[in-house]
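Take a look at the structure set out below.
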Amino acid sequence: MFTLPRLKDQEIPLDHPDSNNMFRPGADKPLLATPAAIELYSHEVILACWQLLRQKADEHGGLDYLQVFVDETKPENLWYMEDGPGGAITALLPSDY
């Protein structure tokens, strides 16, 4: 069993026009994770956090492109970034950026 990191509030309001990312992967937008993020957080935690993001995006009609999960027991936060068209949804560490 694992403990899910805490999702921080995003920097822009949920009703801001830029809060429009749904974090839904597809053929033209893969879900990726950096090796460092997988090593620090695990596949299971990365997928569970991503599912939480999808649920929150559905509830609010979208989120900011950058979402941050915090685990006080880890040296780095877990970031999720959704790129624009032709991009990807990526789980990464700040040091990967």
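We use all heavy atoms of the structure for the numbers below, so side chains are in, but hydrogens, waters and symmetry mates are not. None of the values given here were measured: they were computed from a predicted structure.
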Roughly how far, to the nearest 0.5 Å, is the [atom2] atom of [Y] from the [atom1] atom of [X]?
X   : Y   : atom1 : atom2 : result
N21 : L66 : CG    : CG    : 10.0 Å
N77 : R6  : CG    : CZ    : 8.5 Å
L32 : M81 : CG    : CE    : 12.5 Å

Where [X] and [Y] come nearest, the two heavy atoms and their spacing:
X   : Y   : answer
K29 : P85 : NZ-N, 4.4 Å
L92 : T90 : CD2-O, 3.4 Å
L40 : P75 : CD1-CD, 3.8 Å
A91 : A37 : O-CB, 3.8 Å

So L31 and E82, side chain to side chain contact (heavy atoms under 4.5 Å, CB included) or not? Walk me through it. CA-CA 9 Å; L31 175 62; E82 181 169 337; over 6 Å; no
Decide side chain to side chain contact (heavy atoms under 4.5 Å, CB included) for C49 and V45; before the verdict, give the C-alpha distance in whole Å, the side-chain angles of both, and the deciding distance to 0.1 Å. CA-CA 6 Å; C49 289; V45 169; 4.0 Å; yes
Has the side chain of [X] got a donor or acceptor atom that lies under 3.5 Å from a matching backbone atom of [Y]?
X   : Y   : result
K56 : L7  : no
S19 : G62 : yes
Q67 : Q10 : no

Quick check: is [Y] connected to [X] through a chain of hydrophobic side chains (ILVMFWY, heavy atoms under 4.5 Å apart)?
X   : Y   : answer
W50 : V70 : no
I46 : L93 : yes
L78 : L47 : yes
F23 : I12 : no
W79 : L4  : no

Stepwise, does the side chain to side chain contact (heavy atoms under 4.5 Å, CB included) test hold for L63 with L53? CA-CA 8 Å; L63 301 172; L53 283 181; 4.0 Å; yes
Should we count NE2 of H43 as having more than 12 external heavy atoms under 6.0 Å?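 Result for NE2/H43: open.
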Is it true that atom CD of E11 has more than 12 heavy atoms of other residues, nucleotides or ligands lying nearer than 6.0 Å?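 Not more than 12 within 6.0 Å, no.
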Quick check with a 6.0 Å cut-off and a 45 degree axis cone: is K8 positioned over the face of F69's six-membered ring?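 Ring-cation test returns no.
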Would M22 and R54 satisfy side chain to side chain contact (heavy atoms under 4.5 Å, CB included), going step by step from the backbone distance to the final call? CA-CA 6 Å; M22 299 305 293; R54 286 192 54 200; over 6 Å; no
Using a distance-only test with no angle check, is there a side-chain donor-acceptor pair under 3.5 angstrom linking D96 and T34?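 A pair is found: one side chain offers a donor N or O, the other an acceptor, under 3.5 Å apart.
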For this output row, return yes or no: ring centroids of Y65 and Y80 closer than 6.0 angstrom.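 Here the rings of Y80 and Y65 have centres that are no less than 6.0 Å from each other.
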